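Have a look at the structure below before the remarks.
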Amino acid sequence: MINYTITQAAELLHKKQISAVELTKEYLQNIANTENRVHAFTQLNEKQALDSAQHADQKLHNGSANKLTGIPIAIKDIMNTVDWRTTCSSKMLENYQSVYDATCISKLKERGMVIVGKTNMDEFAMGSSTETSAFFKTFNPWNLEYVPGGSSGGSAACIAANQAICSLGTDTGGSIRQPASFCSVTGFKPTYGRVSRYGVVAFASSLDQVGTFTKDAHDAAILLEALCGADSKDSTSAKQAVPAFSQDLRDGVRGLRIGVPKEYFAQGINPQVESLVRKAVQELQNHGAIVKEISLPNTKYALAVYYIIAPSEASANLARFDGVKYGLRADGNDMWQVIEKTRGQGFGDEVLRRIMIGTYALSAGYYDAWYLKAQKVRTLIKAEFTDAFKEVDIICAPTAPVLPFKSGEKIDDPLAMYLADICTIPINIAGLPGMSIPCGFANGLPVGLQIIGRPFDEQTILNTAHTYQKLTSFHKEQPKL
Ligand code: GLN
C-alpha cells in the first residue's frame, strides 16, 4: 500500500515521476482495499477526484504548481463544498448541497489539491468516538474493534489507513487532537481565529477551529501555511501575519522550557499512557529541553465550563435547522409542528441532549447562574495559561487520559465519553494552539503526546514536534489492515 508524506509526493509530482492522476488512482485503490473495514468516508466520488487531479496535472505542466498541487486530501463533512454534499453526518443535512465553498476549501482548491472524499464524523461534531454519526460508525485502523476517536474520526482514520495523504478536521473540544492520538497520526489545532470558519458548519462558535491531520509535523507546517490567514468573511478570524511555518521549521529543542502540568496526570489517567507521555518528555529533555512541573489548578473546572458554553452556543447555532431555513423538513399543520417534527426526526440523541442543555443554561433566570458563571471561569482558565507561559515556552501533556476504547463501550454513558476530552478541552477554552503526535503504543493501541503553545506561536509547537519526530519513528508505523 502506498504511503507518502506531502513532501515525498510533491517531489515525485514535480519531478514528473508520477502524475497527479496516477497518484490519485493509487489512493483511490487504497480506499477500495480498506474502506469496507474502516468506513472513514460519507462520500466518495472517483470521477470528481480524477477531474481535480487532471486539473492539477495541468498546473504541474504549465508551471503554476506549488507543494500542494495534486496532493490527495480528505475533508471532514462539516465544511461547505459546492461539489459535494455537506451532511455533518446528520439526517438533518443528508441531502444538503452548499452553494459556496468554505474559505478553507477555496484555499485548497486554489492550490490544486485533490479532494478524494468527505469524511465521517460525530453528528454535528458532538462526540468523541465517531459513533454518533447518523450513517455508520468509523473504526480504528489499528484495531477494527476500537473507536478512532472523534468527532473528526473519519479524517483521522483515513490518514492512518493511507486513504489520503492529509485531511482537514475541526476541533471544538479536542476533535482533531483526540482522534489523531487514537489513530497515531499528527493532528494540529491552530490558535482560535487562525483559520477562517467561513463556510464551516458552526457547533460552538467561540471554540470551533479548523485544523489538519497529516503524517508528520513537516506536512502540518506546509498545510497550515495554506490554510491560515485573516478572512474578511469571518469577523473572528485573526488579522495576524502567517509565518512561513515549513521554511522556519527548526530541528532542536536546546534551551526550550517545557512545562508539564501535574493536573493532567491526575486520578483516572491510564498508567501506560502516563508512562509513554513522560518518556516522550524525557526524550526532549535528553536533547536539551528544560523540563519543569507546573500547576494549572483550574483544570478541574474545564469540563464543566465546556459543557455549559459549548451546548449553549450549539443551541443557538442549531436553531437554524428548523425545516424552514435548512435541511430536512417534516410535514406539520403549522410552523411549530413542522419545527417540532423536523427536529424529532432529523437530530440524533446526542445533538438533542446538547440543545436541551444549552437551551436550559441560557433560559431566563438560569443565564447568570450557568452561562455567565462559566464565562467567568473561562477567563480564569485562560489567565492561568497566560501566567504559565511566562515561565515556560511550551506545555506537554497527554492528549487523552485513556487508550482508544472499544466500539460501543462508552456510547450509552455520556459522562464517561465526555471525560475522554479532559486533556484537550482546556486548550479550546483558552483559545490556544495544540497538537497531538504519536508517542508510542500500549497493548497495540496508539498513544499521543499533546503539545500546547502560546497564542499564535504555532511555530514553537511545530518545531518541538518536528524535533521529536526526528528522534523517534512512532509516526512512521503503519497499521496492518
Ligand atoms: N468531544 C467533544 C464534544 O463532544 C469535542 C467535540 C469537538 O471538538 N468537536 O463536544
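Quick caveat, the model's predicted, so the values are computed rather than measured. Heavy-atom basis, side chains included; hydrogens, waters and symmetry copies ignored. Remember, it's 1-based here, ligands and their atoms both numbered in the order they're listed.
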Using a 4.0 Å cutoff against the non-hydrogen atoms of F203, which atoms of ligand 1 qualify? 9 (N), 10 (O)
Please check if the number of heavy atoms outside Y301 that lie under 6.0 Å from its OH is greater than 12. no
Whether the Q478 and N162 side chains hold a donor-acceptor pair (N or O, under 3.5 Å, no angle test) is what I'd like checked. yes
In ligand 1, the atoms that come under 4.0 Å of a heavy atom of S151 are 9 (N)
Among protein heavy atoms, which lies nearest atom 10 (O) of ligand 1, and at what distance? Y306 OH, 2.6 Å
For ligand 1, is there an N or O atom under 3.5 Å from any N or O atom of G174? yes
One thing to verify: whether D171 and R177 come together as a salt bridge, which I'm taking to mean a side-chain N less than 4.0 angstrom from a carboxylate O. yes
The closest protein heavy-atom partner of atom 2 (C) of ligand 1 is D421 OD2, 3.2 Å
M417 heavy atom under 4.0 Å from ligand 1: no
Compute the shortest N/O to N/O distance between K76 and ligand 1 and return yes if it is under 3.5 Å, no if not. no
So the atoms of ligand 1 within less than 4.0 Å of a heavy atom of M126 turn out to be 4 (O)
Are there more than 12 heavy atoms of other residues, nucleotides or ligands under 6.0 Å from atom OH of Y326? no
Between ligand 1 and T170, is the shortest N or O to N or O distance under 3.5 Å? no
If we only count N/O pairs under 3.5 Å, is G127 in contact with ligand 1? yes
Check ion pair K109-D101 (N to O, under 4.0 angstrom): yes
Aromatic ring pairing F385/F389, orientation class (parallel under 30°, perpendicular over 60°, tilted between): parallel
With only distance considered, is D171 within less than 3.5 Å of ligand 1 through an N or O on each side? no
Inspect the contact between E263 and K300 and indicate whether a charged nitrogen and a carboxylate oxygen are less than 4.0 angstrom apart. no
Test of proximity, A125 against ligand 1: N or O pairs below 3.5 Å: yes
With a 4.0 Å cut-off, would you call R353 and E350 a salt bridge? yes
Taking 4.0 angstrom as the limit, do D387 and K390 come out as a salt bridge? yes
Atom 4 (O) of ligand 1 - nearest protein heavy atom and its distance: R354 NH2, 2.7 Å
Is D216 salt-bridged to K476, cutoff N-O under 4.0 Å? no
Residue, atom and distance of the protein heavy atom nearest atom 7 (C) of ligand 1 read S175 OG, 2.4 Å
Per-atom contacts of ligand 1 with Y307, taking only distances under 4.0 Å to non-hydrogen atoms: 2 (C), 3 (C), 4 (O), 10 (O)
